[in-house]
Structure formats: structure tokens, C-alpha cells
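The structure appears right after this line, and notes come after that.
Naming: A, B, ... by sequence-line order, numbering from 1 per chain. Computed from heavy atoms alone, side chains included, the values below leave out hydrogens, waters and symmetry copies.
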Amino acid sequence: MINITLPDGSTRKVESGTTAYDVAMDISEGLARNVLAAEVNGEVWDPQREIRSDASLKLLTWNDDAGKSTLWHSSAHLLAEALESLYPGVKFWVGPPIEHGFYYDVDFGDQTFTDKDFTAVEQKMLELAKTKNPFIRKEISKAEAIAYFTEKGDEYKLDLLEGLEDGTITLYTQGNFTDLCRGPHMPHTGFVKAAKVMSIAGAYWKGDESNKQLTRVYGITFPKKQELTAYLELLEQARARDHRKLGKEMDLFAFSEKVGQGLPLWLPKGAELRSRLEDFLKEAQRKAGYQGVITPHIGNKELYITSGHYAKYGADSFQPIQTPAEGEEYLLKPMNCPHHCEVYKARPRSYRDLPVRFAEFGTVYRYEQSGELHGLTRVRGFTQDDAHIFCTADQVKEEVSNVIDLVLYIFDILDFKDFVVQVSLRDPENPEKYIGSDENWEKAERAIQEVAEEKGLNTIVELGEAAFYGPKLDFMVRDAIGRKWQLGTVQIDYNLPERFELEYVGADNSKHRPVMIHRAPFGSMERFVAILIEHCAGKFPLWLTPEQVKILPISDRFNEYAKGVSKVLENHDIRALVDDRSEKVGKKIRDAELEKIPYMLIVGESEAAEGTVSVRRQGEGDVGGMSVEAFAERIRSEIAEMLKKKD
RNA sequence: GCCGAUGUAGCUCAGGGGUAGAGCGCAUCCUUGGUAAGGAUGAGGUCACGGGUUCAAUUCCCGUCAUUGGCUCCA
């Protein structure tokens, strides 16, 4: 007999060889029907696998993340089975569960697979699901596995086998499909009640650009039909928030083929919004002791040879601009740091001057791969809310800490709650990708991790994500459809100060090297605005939105009064427009609502007589009448409240 | 950059080997109205661009450009 401990702390004595499914059956048949997997001593197992020693046991269903993953992992096998039956001879690489669903990397050989074939695959999957074929686990020796896949002619699985140790190899079979897999899997295919092939994409074998591309088939499945419907609706709603769609609808920005790929044009409303954000940050930075600087958009090629950027990125950048002078070359600036190093060098610095913080909304140009361009989130010309802090080694931690506070302050004001702080360190396997001494790298990596810890940030550590000159601390935020983007960033750099031979005179009257901190709380104006649009679905906070108020006269007779109201509001720095079209007020309201304008003021006979306005809040409806002055005060205090927060 | 998809009016989209259509928007006129769509009339398109096939191409084929889902990349 063995002891099974359940999550509630209760213990059951059962025969050795009992399965998680048996335990579930013992509790209730209904539960057993829903068990997809089981956590046995912290490891996720097939519910059918026999337990042979004392164990803690947690039964996993669709409501557990691990349960979902199990269903999706098993669904990947189901997809493979469907594909193999519809496209005999296809070969499979790997098919893991992902955040929403799963994929399988497939080599279709000479056969073609397009989005028109999705439905047939979905039907086949459901047909196979209905058979309720069990997933059968089999432990086999490496030699047997090699023999099996050699006979099948599946070089991809053979490649996988090379990396596996004898004694740890398992096969899973459901119906006619057998896969090399460590599992776990759900009991049988019947758990899948709804299946959807979402998309296909090319994916390099083993993620290496020099390898051939396989076809990655993305899918998702659910244990209930209506969950698929709900999921698709959710996706639809997410797409409605897409900044590319809203940016066009709301006249915020545009692109032009003639201007060029990835070069955004800010339209008047977008420019208004952006400059308000810039003013907001400028004010916060002024309080935090930053000084503004302005540097040119180009720099001599030598500048980037000194910085090391030319060697690292020169070939993949916008190519140098020639001048009439023989051999003279300039680069569009791809970053502001080298210019700021030269700002630092413009005069000798004393330790008494440090830290110095040079801030600039610096527009930079990077020749991003064409396939990478994406709305405003990844572009070729963008403006960083950049600053470089030059300080002594002793000041690094405090400066980094202050930068983090600044980022958190901005996120707080804009109500960004769902973010992850990524600590980006070197890839220990590829030291040649980085410049600078190990000693400096270690110092910088330690400092960044210590500050993150002291701040109690919710961090994840990523190896290999560091900049080539130093480690980073990145604030990652998701867009409407769940893709992660880096916004704010703080980077510690011991290398550029070396390369530019930056110095300050210490208290000891000898020369020392400062440390440089790169930082951008928004990251770039383009990406930040994109995420902001998706975050608020286009309903910008009152203080930011390009048009705060729309005045809607009941009829043409009140247009003059409406204009008067608009003048008064203008004097209070409130952005108001009059809708003087010959439309009914219902129509004007509808249009203003759809334009997401926070306040509508309806004015007619009684308002004109009393000098009042009827106030309507976007999304909420009528809030009653008040004097124009009282309304202006309401706006003023609402904005003050928003900007107060942690100030 | 790579694999796939897409490109028709300002926007969202339908159509299809015989040179185009809807809704919204826009313009003009009528209507002057009280909290989410009043009515009429009208203007708008080298069907992304270049080449090929054909008596005839917006439609079929090829190429380019752009957008897009991924992969790779991201100072």
C-alpha cells in the first residue's frame, strides 16, 4: 500500500499501481471524466500512469493551466494524426502546447497545404476525437526507437532521438499515430469537442535561419464547442483594439508607400497626443534633475566606429551618406548614445557635477528587416525618449533605482498594470556577441539584479537578451492580441565610456571613468503610443486625448451660442470643437460617441437662455446641466485627479 | 531577409475574361430637431505597379512594391 496526499492535505491509502484516474473515480465519476492530467510529486503525469510510491497528487482539469496544456499537447498529436491521414508521407518535427493552443512543425514534402485546407483538417480531427482513442504510453529503448523511426523514414524524429538518453524514451500512440514524446497526455482523444486550425507559417527548423523552413500549423482545441466560439469572439474584440485599425479610424497616423516602409507619418491628432505625452515626461524629467540636450540627426561614420555600433550593425543599417568630400561619410543616427557621449566630453567634468543626465527626444533610423515591420510598434524611423546618465560607480544603483521609479510613475498615471520586468543578461554560451571586460559585465549584471530585487519587481531573467554593450532591465507589456513588446528600458554600460574615453576628475584630483546608464521610460514614442491605443481601446485619458469636448447645438440657431461656449472653454485650455452640421442631435451624439470624445455638450434653447450646457459623458450618457464655468472646473479637477496619483 | 496570405471609391468590403458595385464618409438641397443613425440628389475608382497570355485582362500567369500571420532579427 502507498499513501496519496491530496491538495487539501487529506491522505488516502491505496494499492501500489493505482492511477490518478482511479483516485479521481474514487472521489467522483464526474471528476474522473474531467481529469486531463495529474501532478504527481510536482511532475505532470498521464492520469493513467501507475503510481508506485507515496506521492502528493493533484488532479488537473481544463481549469488548471497544466490541464489546458495537456489537452493542447494531446491535440497537437491529434492534428498530426489528421495530417498524416490526409497527407500521407508528411514528416513531423515537434508539436508543443503554447499559450493559446498548440502548433506542430510539419514537413509537407512536395504536397501543399493552404488555409483552404483548414476545414478538412478540423473535420478530420473531430472525427478522430470522436473515436475516443486512448493515448498509450510505451517506454522503449533508444535502439528500438531508432529502428522504429528509421523504418518510418522520419529523419526529424531520428534527429530528436540523437539528443535523448537511453532509458528515458517514451512513445505515445493514439489510433494510427505514434509519436516520440515525453508526454504527458490526456486519457483519450474524446476530450476534444471543438478544433480550429488557426494559421500556418514558415518556421526555420530548430529556429536557425540557415536551416530549411518547415510549415508550422497553429491550432486550438476546446473541451466544449461554445468555448471555441467564445474564444473566437474574444479574438475579434482584441482585433478591434488593434492600434493599426484605431490609428486609421481616429486619424492618428498613416504610412505612405512613397515616403517608405516603416516610416510613420503623424497626423495632426496623433501629433497632438504625442506632444502631450512628451510634455508630460519632460516635466517629470525636469523634476528628476534631467537636462535637455539637442543633437543632429546624422553623425560622422567615425563616431560609430568608435562606439562599436558600426562593426556590429553597419552592414544591416541604412548605408552611409556620401558628401562631396572624398571619403567623408555620415550615418543617419541609429541611436543617440554616441552623440550624448560627445555632449559629455564637451567640457571637463568633476565628480561634483555627477550624475549628469542628458535627455533628448531623439529620432533614430534603423533598417529593420522588412518582415519585422509592424504598425507603430516596429518601425524604421522612431523617436526615443532617450536620456543618458553619467555617474560614478557608487551612484549607479541609486540612479537605476530612480529611473525605475520614473517608469513606474508613468505606468501608474497611464494605468498600465499588466507588465513584466525582464532582466536581460548575457548569453553565457556566446560571449563573442558582447564587448567589454567580464569584470565590468559582472558588475553591471549584479547591480541591475540587486536593484530589481530591492524594488520588489516582478522579474523574469532572460539570458542572451542583453544589449551588446551591457545588461538591461526592460519593461515588457502586451498588445491587444497578446504579443509582448519592450517599452521602458534601463541599461548599464561600462563600455561606451571606455571607448569614448570619458573621464571625470575625482576628489583625489585624478581622472576616473564614469558609468553610463541608457534609459527610455516609454521606449519610443511610436511603440508607446501604439500600446497606449490598444490599452485604452482608443479612449484616451481626458488629459491626453486630442479632442476633449464636442459641443452639439440642437439646431443651427444655436451655433453661435455653441461657438461662444467653445471660446470660453478654449480660455480654460480645454480642447473643444463645435459640431455645426445640419444634423439632428441624435446623430451628432452617435458620431461623437463613436469618435470616443470624452464629453459632449448639448446646447439648445434653454441652455442658451441660461448660459448653461447639458453635459453628456462618453459611454455613460447624460450627466445633467451646469454652467459653462462649472463644466470647465469639472474638467480641470478631473485632470488634476488623474495626474495626482503617486506624484 | 525567409515561408504563407492579401491589395477593388476616403473607410469597410462584395464582384468577376467583354473597361465595376454596396454601406458608411464627402458635396449640394430640403428638413431645424432635446441625448446613439431624418430625407433627396450628386461627385468619387488607370480595380497597387510593371510585364506576359488573349480578339479582349481589373479578373488568368510572372515579376515588383506595399500590407499582413508567423519564423529569424531587434543598438
P gap between B:G33 and B:A48, integer Å | 48 Å
Side chain A:S614 and base B:G34 donor-acceptor under 3.5 Å = yes
Give A:Y103 one of three labels, base, sugar-phosphate or nothing, depending on what nucleic acid heavy atoms sit under 4.0 Å from its own.
-> nothing
For A:E249, look at atom CD and say whether over 12 heavy atoms of other residues, nucleotides or ligands are found less than 6.0 Å away.
-> yes
Are A:R557 and B:G33 close enough that a side-chain N or O sits under 4.0 Å from OP1 or OP2?
-> yes
Spacing of the P atoms in B:U41 and B:A5 (rounded, Å) | 44 Å
Does a side-chain N-to-carboxylate-O contact under 4.0 Å join A:E360 and A:K333?
-> yes
B:C61 to B:C2 separation - C1' atoms, rounded to the nearest Å | 24 Å
Kindly express the pairing pattern of RNA chain B in dot-bracket notation, using | wherever a base pairs with another strand and counting only Watson-Crick or G-U pairs under 3.5 Å.
-> (((((((..((((....[..)))).(((((.......))))).....(((((..]....))))))))))))....
A:W205 CH2 - B:G70 C1' separation (whole Å) | 20 Å
Taking atom C1' in both B:A66 and B:C49, compute the distance separating them and give it to the nearest angstrom.
-> 10 Å
Mind checking A:G314 for me? I need base, sugar-phosphate or nothing, with any heavy atom below 4.0 Å counting as a touch.
-> nothing
Reckon A:K312 touches a base, only the sugar-phosphate, or nothing at all at heavy-atom distances under 4.0 Å?
-> nothing
Basic-acidic side-chain contact under 4.0 Å: A:K484, A:D479 | no
Is there a donor on the side chain of A:E257 or the base of B:A66 sitting less than 3.5 Å from an acceptor on the other?
-> no
Distance-only donor-acceptor test (3.5 Å): side chain A:Y204, base B:G1 | yes
On a whole-Å scale, what distance lies between the C1' atoms belonging to B:C30 and B:A22?
-> 25 Å
Between the side-chain atoms of A:E368 and the base atoms of B:C74, is any donor-acceptor pair under 3.5 Å?
-> no
Using the C1' atom as the reference point in each nucleotide, state the distance between B:G25 and B:C13 in Å, no decimals.
-> 14 Å
Between A:D591 (side chain) and A:K588 (backbone), is there a donor-acceptor pair under 3.5 Å?
-> no
Under 3.5 Å donor-acceptor pair, A:E605 side-chain atoms to B:G33 base atoms = no
Once the angle between the rings of A:H243 and A:H374 is folded into 0 to 90°, is it parallel (under 30°), tilted (30 to 60°) or perpendicular (over 60°)?
-> tilted
Would one find a side-chain N or O of A:K248 under 4.0 angstrom from OP1 or OP2 of B:U12?
-> yes
For the pair A:R617 and A:D622, find out whether any cationic side-chain nitrogen is under 4.0 Å from an anionic carboxylate oxygen.
-> no
Residues that A:D556 engages under side chain to side chain donor-acceptor pair (under 3.5 Å), provided they are two or more places apart = A:S582
Is A:G371 touching bases, backbone alone, or none of the nucleic acid, heavy atoms closer than 4.0 Å?
-> base
Whole-Å distance separating the CG atom of A:D579 from the P atom of B:A37 = 14 Å
Check whether the aromatic ring of A:Y313 stacks on the base of B:A75, taking stacking as ring centres less than 5.5 Å apart and planes within 30° of each other.
-> yes
May I ask you to evaluate whether A:R244 reaches the phosphate of B:G69, defined as a side-chain N or O under 4.0 Å from OP1 or OP2?
-> yes
Under the side chain to side chain donor-acceptor pair (under 3.5 Å) rule, collect the residues that match up with A:H518, sequence neighbours excluded.
-> A:H388, A:D493
Under 4.0 Å between a side-chain N or O of A:Q491 and OP1 or OP2 of B:A75?
-> no
How far, in whole Å, is B:G23 from B:U8 if one measures between their C1' atoms?
-> 15 Å
No-H, no-angle donor-acceptor pair, A:R378 side chain to B:C73 base, under 3.5 Å = yes
